[in-house]
Amino acid sequence: MPSAALPIGAHVPQEDPIAEAAVRGTGVVQFFLGSPQSYKGPVIAYAGGSAGLRADAESAGVDLYVHAPYIVNVATTNNRIRIPSRKLLQQHMDAAAEIGAKGLIVHGGHVDKAIDPAVGFDNWRKAIEATDLKIPLLIENTAGGDNAMARHLDRIAGVWDAISSAEGADHVGFCLDTCHAWAGGIELDTAVEKIKGITGRIDLVHANDSRDTFDSGADRHANFGGGLIDQDGFVDLVRAAGAPVICETPGGAEDHRADFAWLRDRL
């Protein structure tokens, strides 16, 4: 996708994502369906319900992405977390499909310190096979944790190798978060090349500057040009990825419009 044509949007409140897109002057938004920290099922806060949101988004030309709750962890060996996580993932998959979302983003999760990461990889395979993937499921790289499934490139490769044999693997994609990559110790100048070498694809970019240093493990986002990520490297990564962009940067619509303009001016 030519860089000039890249859709650039933002994570927005869930009550009226169509209005949030309009006030930001964008045709792509991401939001939660319910609480990001709860095992309760998804909630459609839009006044018109699922059908209304789907119809209104199509009419307005707005692409919708849904972010699964942060607490989803299908990799863990802890049954009290893994089993509810699988259920919650399916519930959000179903709800995201009902509103016509282009993808459901989910964090890679982790295993406990004493657990072989290979067990987590296989749990990912089992989760893919157990989930009815109605729309693309986009696994996102994460910033911290030595036992994370998607912080380091070798762990991302382990997940992809495991799920490649799963039924439904063709519906699994990748979401590259720039702040998470930076904080997680992935060199940005080769991140796109290496991740595409592992996954074969980058479906979405979470574009975020970072308040913390490289390989800090800290997930604290900053507005574009206001953090510690090299500005040219940041822009080069977005350009090389060639995927729709979602900003998860601080502030409201005015701040997001400023981030869009900053990035557009440099692409």
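Hydrogens, waters and symmetry mates are skipped; everything else that's a heavy atom, side chains included, is used.
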**Student:** Step through the shown structure and confirm whether more than 12 heavy atoms of other residues, nucleotides or ligands are within 6.0 Å of NZ on Lys196.
**Tutor:** yes
**Student:** Less than 4.5 Å apart, side chain to side chain, heavy atoms only: is that true for Tyr46 and Glu15?
**Tutor:** no
**Student:** Kindly say whether Arg80 contributes a backbone atom to a donor-acceptor pair with the side chain of Asn78 at under 3.5 angstrom?
**Tutor:** yes
**Student:** Can Gln14 and Glu20 be counted as having a side-chain donor-acceptor contact under 3.5 angstrom?
**Tutor:** no
**Student:** Could you tell me whether Glu129 atom CD has more than 12 heavy atoms of other residues or ligands within 6.0 Å of it?
**Tutor:** yes
**Student:** Report yes if some heavy atom in the side chain of Ile135 is under 4.5 Å from a heavy atom in the side chain of Lys102; otherwise report no.
**Tutor:** no
**Student:** What's the shortest heavy-atom distance between Ile81 and Ser85, and which atoms?
**Tutor:** O-OG, 2.7 Å
**Student:** Assess the residue pair Asp215 and Arg151 against the criterion (salt bridge (charged side-chain N to carboxylate O under 4.0 Å, His left out)); give the C-alpha distance rounded to whole Å, side-chain angles, the decisive distance to 0.1 Å, and a yes or no.
**Tutor:** CA-CA 10 Å; Asp215 204 19; Arg151 173 179 178 175; 2.9 Å; yes
**Student:** Listed by chain and number, what are the salt bridge (Lys or Arg N to Asp or Glu O under 4.0 Å) partners of Arg220, not counting sequence neighbours?
**Tutor:** Asp212
**Student:** Taking C-beta and beyond as the side chain, do Phe32 and Tyr70 meet within less than 4.5 Å on heavy atoms?
**Tutor:** yes
**Student:** Check whether Arg155 reaches the backbone of His110 with its side chain - one donor and one acceptor, N or O, closer than 3.5 Å.
**Tutor:** no
**Student:** What I want to check is whether the side chains of Asp94 and His92 have a donor and an acceptor closer together than 3.5 Å.
**Tutor:** no
**Student:** Is Leu263 close to Val245 at the side-chain level, that is, under 4.5 Å between some pair of heavy atoms?
**Tutor:** yes
**Student:** Given the side-chain rings of Tyr65 and His11, with only the six-membered ring counted for Trp, is the space between their centroids under 6.0 Å?
**Tutor:** no
**Student:** Is Arg264 positioned over the aromatic face of Trp262, cation under 6.0 angstrom from the ring centre and no more than 45 degrees off axis?
**Tutor:** no
**Student:** I'd like to check the side chain to side chain contact (heavy atoms under 4.5 Å, CB included) partners of Pro84; sequence neighbours left out, ordered by chain and number.
**Tutor:** Tyr39
**Student:** Parallel, tilted or perpendicular, judged at 30° and 60°: which one describes the rings of His256 and Phe260?
**Tutor:** parallel
**Student:** Can you see which heavy atom on Phe234 is nearest to which on Asp209, and at what distance?
**Tutor:** CE1-N, 4.2 Å
**Student:** List the atom of Glu248, the atom of Asp177, and the distance in Å for their closest heavy-atom pair.
**Tutor:** OE1-OD2, 3.3 Å
**Student:** Please confirm whether the ring centroid of Phe31 lies under 6.0 Å from the ring centroid of His67.
**Tutor:** no
**Student:** Compare all side-chain heavy atoms of His180 with those of Glu140 and state whether any distance is below 4.5 angstrom.
**Tutor:** yes
**Student:** Restricting to non-hydrogen atoms, name the atom on Ala169 and the atom on Ile163 that form the minimum distance, rounded to 0.1 Å.
**Tutor:** CB-O, 3.1 Å
**Student:** Does Asp56 have any salt bridge (Lys or Arg N to Asp or Glu O under 4.0 Å) partners at least two apart in sequence or in another chain, and if so, which?
**Tutor:** none
**Student:** Are Asn223 and Asp259 close enough, and set up right, to give a side chain to side chain donor-acceptor pair (under 3.5 Å), and what steps lead you there?
**Tutor:** CA-CA 7 Å; Asn223 295 96; Asp259 281 334; 2.8 Å; yes
**Student:** Taking Asp16 for its side chain and Ala19 for its backbone only, find out whether a donor-acceptor pair lies under 3.5 Å.
**Tutor:** yes
**Student:** Could you check if a side-chain atom of Val205 sits within less than 4.5 angstrom of a side-chain atom of Ile246, using non-hydrogen atoms only?
**Tutor:** no
**Student:** Quick one, His221 and His206 - any side-chain contact, counting heavy atoms below 4.5 Å?
**Tutor:** no
